[in-house]
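Chain naming here is simple, since letters A, B, ... match the order of the sequence lines and numbering starts at 1 in each. Note that the coordinates shown come from a computational prediction; the quantities given were computed from them, not determined experimentally.
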Number of protein chains: 2
Amino acid sequence: MAAMARAATTSDVFNAIAEPQRREILVLLRAGERPVTELAQELGMTQPGASKHLRVLREVGLVRDRKAGKQRLYGLDARGLRPVHEWTGGFERFWNESFDRLDAYVQDLKQARQEE
Amino acid sequence: MAAMARAATTSDVFNAIAEPQRREILVLLRAGERPVTELAQELGMTQPGASKHLRVLREVGLVRDRKAGKQRLYGLDARGLRPVHEWTGGFERFWNESFDRLDAYVQDLKQARQEE
DNA sequence: TTGACGCATGCCGTTATGGGTATACGATGG
DNA sequence: CCATCGTATACCCATAACGGCATGCGTCAA
């Protein structure tokens, strides 16, 4: 097995939300549960297309589905987005500070490393 | 031009950070500028591999490069991560609150955590 | 039971991706 | 000028990703 193309989107939230349409689905679901067809229609995609995106989102745990008679309602489960929020938050000081102070901060880190 | 595979990683920060190794590069760069070879070594990848990831990061604006003699130093520019942080932040209330149709599954998890 | 509806899946084709290896290129040192 | 170092690129391979279309499957209504 020589060359992997990319980590499977199926196993990684970062990857799951890399797809713009999947992000749109998540945004729509903030307003409440929806059946597949409705999502597909609102986002201008085919029903199979929506189903596939929803599957990815389900497999990383960002949505859950519930059978409601003939329909299947998809609902948001945003807990998986928290790690992403926190990871990016780890860079917050780098966009909140001026680059001068940033440089100083970097110098501090360099110093610290050298003294270890 | 029938089937596009995916939005180019080149044009989208969400996509750029979907790659675990690229995330590692960004984390490393928080400690300061580094030449390609050093990054490659610290992350256990080949130099061309590192260069390619850095190129993607550069094209979405997450890193900047600066020539320093024979070397080329890469530095972090985390401003592009802010939109990601804010986008995920838009879901914060969904992981901090319990809301109507979130079923017993979620409740169970909360219970479990409180009892730890 | 039969049809219609709602949705998931399978298959196909195209494109992008990541890794590896070899190589081209710019800068520096002799 | 020539050799070398540091880096970027080109090329190739294998695979995963998306989209479209057709179809399968379960559910509800008549």
Side-chain angles (χ1 to χ4, degrees), chain A residues 1-26 28-29 33-60 62-75, chain B residues 1-26 28-29 33-60 62-75:
Chain A
M1 162 177 315
M4 279 204 330
R6 174 189 280 227
T9 130
T10 269
S11 52
D12 182 3
V13 172
F14 280 91
N15 232 313
I17 65 172
E19 230 297 323
Q21 295 196 285
R22 285 197 287 263
R23 290 201 297 276
E24 292 185 52
I25 288 177
L26 293 176
L28 266 185
L29 290 181
E33 293 181 325
R34 273 191 181 65
V36 178
T37 308
E38 197 176 318
L39 286 171
Q41 192 179 339
E42 296 189 55
L43 296 178
M45 46 183 171
T46 64
Q47 172 268 309
S51 278
K52 286 179 203 173
H53 282 310
L54 284 167
R55 179 179 188 171
V56 173
L57 293 172
R58 195 192 329 143
E59 287 178 333
V60 300
L62 287 174
V63 303
R64 273 165 306 101
D65 62 300
R66 176 168 75 84
K67 298 191 62 172
K70 235 190 310 192
Q71 294 187 325
R72 177 174 295 263
L73 296 180
Y74 279 89
Chain B
M1 54 163 278
M4 276 203 334
R6 176 190 277 228
T9 129
T10 270
S11 53
D12 182 5
V13 173
F14 280 91
N15 231 314
I17 65 171
E19 230 296 324
Q21 296 196 286
R22 285 197 287 264
R23 290 200 297 275
E24 292 185 51
I25 289 178
L26 293 176
L28 265 184
L29 289 181
E33 294 181 324
R34 273 188 181 65
V36 179
T37 309
E38 195 176 321
L39 285 171
Q41 191 179 339
E42 297 189 54
L43 295 177
M45 47 184 172
T46 64
Q47 173 269 310
S51 277
K52 287 183 212 171
H53 282 310
L54 285 166
R55 179 179 188 172
V56 172
L57 293 172
R58 195 192 329 143
E59 286 178 332
V60 300
L62 286 175
V63 303
R64 293 167 283 117
D65 63 300
R66 174 169 75 83
K67 299 190 62 169
K70 236 191 307 193
Q71 293 188 326
R72 177 176 295 263
L73 295 180
Y74 279 88

Roughly, in whole Å, what's the span from [atom1] in [X] to [atom2] in [N]?
X	N	atom1	atom2	result
A/Leu43	D/dG19	CG	P	11 Å
A/Asp12	D/dA16	CG	P	15 Å
B/Arg22	C/dT17	CZ	C1'	9 Å
B/Lys67	C/dT28	NZ	C1'	11 Å
B/Leu57	C/dT17	CG	C1'	14 Å
A/Gln41	C/dC5	CD	P	15 Å
A/Arg66	C/dG6	CZ	P	17 Å
B/Ile25	C/dG19	CD1	C1'	14 Å

Residues in side chain to side chain contact (heavy atoms under 4.5 Å, CB included) contact with [X], at least two apart in sequence or another chain:
X	value
B/Gln41	none
B/Pro48	B/Thr46
B/Arg23	A/Asp12, A/Phe14, A/Trp87, B/Ile17, B/Pro20

Practice item. Working to the nearest 0.5 Å, report the span between CG of B/Leu26 and NE2 of B/His53. Key: 11.0 Å
Exercise for review: Identify, with sequence neighbours excluded, every residue that meets salt bridge (charged side-chain N to carboxylate O under 4.0 Å, His left out) alongside A/Glu42.
Suggested key: A/Arg34
Check your understanding: Considering residues at least two apart in sequence or located in another chain, which fulfil the side chain to side chain donor-acceptor pair (under 3.5 Å) criterion with A/Glu24?
Key ->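 If we apply the side chain to side chain donor-acceptor pair (under 3.5 Å) test to A/Glu24, skipping adjacent residues, there are no hits.
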Got a list of protein N/O to nucleotides 4-11 of chain D N/O distances below 3.5 Å?
| residue | atom | partner | partner atom | Å |
| --- | --- | --- | --- | --- |
| D/dT7 | OP1 | B/Val36 | N | 3.4 |
| D/dT7 | OP2 | B/Thr37 | N | 3.1 |
| D/dT7 | OP2 | B/Thr37 | OG1 | 2.1 |
| D/dA8 | OP1 | B/Tyr74 | OH | 2.4 |
| D/dA8 | OP2 | B/Ser51 | OG | 2.4 |
| D/dA8 | N7 | B/Gln47 | NE2 | 2.7 |
| D/dA8 | N6 | B/Gln47 | OE1 | 3.3 |

Practice item. Respond yes when some side-chain nitrogen or oxygen of B/His53 is under 4.0 Å from OP1 or OP2 of C/dG19, and no when none is. Key: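 Checking B/His53 against C/dG19: at least one side-chain N or O falls below 4.0 Å of OP1 or OP2.
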